[in-house]
Amino acid sequence: MLQQSTQGVTPAETVVMHVDMDCFYVSVERLLDPSLNGLPVAVGGSPDGRGVVSSASYEARRFGVRSAMPMGQAMRLCPQLVVVRGSYGMYAKHSAALAEIFRRYAPVVRMASQDEAYLDLTGTGRLYGTPLVAAERLRRDVLAETRLPCSIGIGSNRLVAKVASDLCKPKGLLWVPPGSEERFLAPLPIERIPGVGHRIAERLHAIGARRVGDVVTLGAATLDKHFGEHGRDLYSRCSGVSSAHVTEHEPAKSIGAEETFDRDCSDAEVLDASLSALSEKVASRLRAEGIVASTITLKYRFHDFETHTAATTLAYPVDDELAILEAARGLLAAKWGGRRAIRLLGVTTSGLTESSAQLDLLAEEGREKRDRLHAALDRIRGKHGYGGIRRASSEGTS
DNA sequence: TCTGGGGTCCTAGGACCC
DNA sequence: TCTGGGGTCCTAGGACCC
């Protein structure tokens with residue numbers, strides 16, 4: 001599987017690298033507090049409340065602790081677990097530093113999230129040698145400059161590179177040479193394929209497919225019958241076919257915020273205060289990014305996890321909390337009967353465009369004054385966080 | 001065991017227009 | 001008086017990812 005090539009890479013040969021940081025949040029926390037080294041650590045919410053695990057150290061994983069697991073459950077599995085609240089600002093800083101290193105190695109870099117990236121190495125063979133040599137150097141640079149460990153998968157397309165990095169964690173390197181994609185994937189459990197989650201895996205198991213190779217054996221027609229359009233996609237991915245095209249980061253399509261209450265809530269005033277805080281948060285981000293939104297979506301979840309969304313599209317795009325709040329309020333009033341207690345509220349904006357594009361549409365006098373007020377509010381929030389300042393209607397949510 | 005918060009993409013139906 | 005087909009926009013829900 002893992003082969004050391006003796007020749008350089010020909011320019012025409014597509015080489016995609018997937019760099020994935022090893023338990024990124026935990027690794028950053030260990031930089032901040034080295035006493036965490038060697039201990040089972042989980043970054044995430046409180047074990048007493050409704051928090052979940054965001055990132056678990058390998059010591060913790062040995063006890064069965066996993067991402068997205070309720071923290072209380074993690075504590076039961078591993079009583080000596082050290083729980084750390086996230087230092088999210090630090091993660092963003094380190095992520096930016098990583099992106100800079102990656103850009104030295106590839107002309108096109110796609111940060112897929114804070115802790116993983118796709119690099120298109122096609123044509124860089126003369127500069128860095130074989131993919132494995134380049135990967136080894138990159139990993140050394142990352143470790144030397146950030147002291148953060150990572151794993152790297154290399155393949156002829158993004159899917160193969162990603163599966164490879166996943167497989168060699170932690171601190172691994174794995175190259176899948178061109179032509180061996182299908183052989184590489186076939187013996188793996190289908191859950192290893194990105195996009196195959198819990199539900200789809202279950203349905204595949206039901207028709208007798210447990211390994212990636214089983215899916216290929218079933219054939220495109222059978223998958224099409226069971227999964228429709230998604231089936232063809234599934235088939236090609238299991239065959240190792242996927243886009244090799246790496247593109248730079250694209251502008252966000254939606255910006256939102258949500259809040260899960262410590263206890264389910266049916267108090268209309270508390271819910272309204274939450275909507276107000278969420279609207280402020282979203283509006284503040286929209287303005288910081290210089291964009292406006294035309295669609296407002298309200299999300300609400302009941303105690304049994306039944307989740308609904310309701311959306312409305314405004315006549316013109318907005319970036320201010322009152323307009324967003326008003327829309328969200330209206331949706332809640334129209335949809336929520338007031339009987340069932342709510343465990344989560346969310347406000348998401350979409351239909352995003354650059355705000356400069358609508359300047360002439362909104363050339364009212366009040367605009368400038370309002371902008372100055374918002375700028376002042378954003379500055380204060382930037383300094384003190386969202387608890388620093390709130391309108392009167394947001395009181396009671398903190 | 002009882003499920004966060006930030007997102008993306010896909011599907012499907014209905015409205016509306018030509 | 002009954003009715004096609006295509007395209008686009010909007011809404012709702014669901015699966016998935018980190």
Side-chain angles (χ1 to χ4, degrees), chain A residues 18 20-26 42-56 64-78 83 85-86 88 91-92 95 110-118 158-159 162-163 165-166 169 190-204 227-234 237 243 249-262 264 278 281-282 285 294-315 331 334-335 343-352:
Chain A
H18 183 251
D20 202 343
M21 306 309 294
D22 299 330
C23 49
F24 181 56
Y25 291 176
V26 171
V43 173
S46 155
D48 310 318
R50 287 172 158 172
V52 300
V53 176
S54 294
S55 173
V65 176
R66 296 285 181 271
S67 288
M69 175 182 279
M71 195 60 88
Q73 184 190 356
M75 288 296 291
R76 281 189 289 277
L77 288 170
C78 176
V83 177
R85 295 309 180 83
Y88 294 92
Y91 307 154
S95 182
R110 168 65 155 256
M111 292 300 290
S113 68
Q114 279 189 322
D115 74 327
E116 64 176 281
Y118 291 94
R158 291 192 306 197
L159 174 110
K162 180 165 173 58
V163 174
S165 75
D166 190 33
K169 284 185 148 298
I190 43 162
E191 290 87 348
R192 290 283 186 176
I193 298 292
V196 176
H198 175 73
R199 303 293 169 121
I200 291 169
E202 243 176 25
R203 288 169 65 191
L204 282 168
F227 294 90
E229 198 59 39
H230 197 86
R232 301 210 68 83
D233 203 44
L234 202 55
R237 273 183 294 166
S243 169
H249 174 78
E250 276 164 38
K253 295 190 167 63
S254 68
I255 288 180
E258 60 185 56
E259 175 185 20
T260 295
F261 304 112
D262 292 336
D264 300 346
L278 292 169
K281 206 168 166 180
V282 170
R285 278 194 57 200
S294 59
T295 300
I296 316 296
T297 303
L298 170 79
K299 176 172 162 184
Y300 54 102
R301 173 174 289 162
F302 297 122
H303 71 283
D304 60 356
F305 238 66
E306 186 183 305
T307 307
H308 297 272
T309 58
T312 182
T313 294
L314 307 172
L331 291 165
K335 300 285 179 164
R343 82 172 268 142
L344 170 147
L345 276 183
V347 174
T348 292
T349 57
S350 56
L352 307 180

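First the proteins, then the strands, lettered A, B, ... as listed; each starts at 1.
For A/Arg192 (side chain) and A/Val163 (main-chain N/O), no donor-acceptor pair under 3.5 Å exists by modelled atom type. Of the possible polar contacts, one joining the A/Ser294 side chain to the A/Gly351 backbone as a donor-acceptor pair under 3.5 Å is found. A/Ser95 contributes a side-chain N or O that, together with a main-chain N or O of A/Gln114, makes up a donor-acceptor pair within less than 3.5 Å.
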What's the verdict on salt bridge (charged side-chain N to carboxylate O under 4.0 Å, His left out) for A/Lys162 and A/Asp166, showing C-alpha distance, side-chain angles and the deciding distance?
CA-CA 6 Å; A/Lys162 180 165 173 58; A/Asp166 190 33; over 6 Å; no

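When heavy atoms are screened at a 4.0 angstrom cut-off, A/Ile255 is found touching the sugar-phosphate backbone but no base atom.
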Atom pairs under 3.5 Å, N or O on each side, protein against nucleotides 1-4 of chain B: can you list them with distances?
| residue | atom | partner | partner atom | Å |
| --- | --- | --- | --- | --- |
| B/dT1 | O3' | A/Arg76 | NH2 | 2.7 |
| B/dC2 | OP1 | A/Arg76 | NH2 | 3.4 |
| B/dT3 | OP2 | A/Arg343 | NH1 | 3.2 |
| B/dT3 | OP2 | A/Arg343 | NH2 | 3.2 |
| B/dG4 | OP1 | A/Arg343 | NH2 | 2.5 |

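Both key distances under 3.5 Å define a Watson-Crick or G-U pair, and stretches of 3 or more such consecutive pairs in DNA chain C run B:5-18 with C:5-18.
The distance from atom CG of A/Leu278 to atom C1' of B/dG6 is 13 Å, rounded to the nearest whole Å. Remark: P of C/dC18 and CZ of A/Arg110 are 14 Å apart, rounded to the nearest angstrom.
Applying the salt bridge (charged side-chain N to carboxylate O under 4.0 Å, His left out) test to A/Arg199 and every residue at least two apart in sequence or in another chain returns nothing. By the salt bridge (charged side-chain N to carboxylate O under 4.0 Å, His left out) test, A/Arg343 pairs with no residue at all, sequence neighbours left out. Residues passing the salt bridge (charged side-chain N to carboxylate O under 4.0 Å, His left out) test with A/Glu202, sequence neighbours excluded: none.
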Assign a letter to each nucleotide of nucleotides 9-14 of chain C from its 5' end: B, base within under 4.0 Å of a protein heavy atom; S, sugar-phosphate only; -, no contact.
-SSSS-

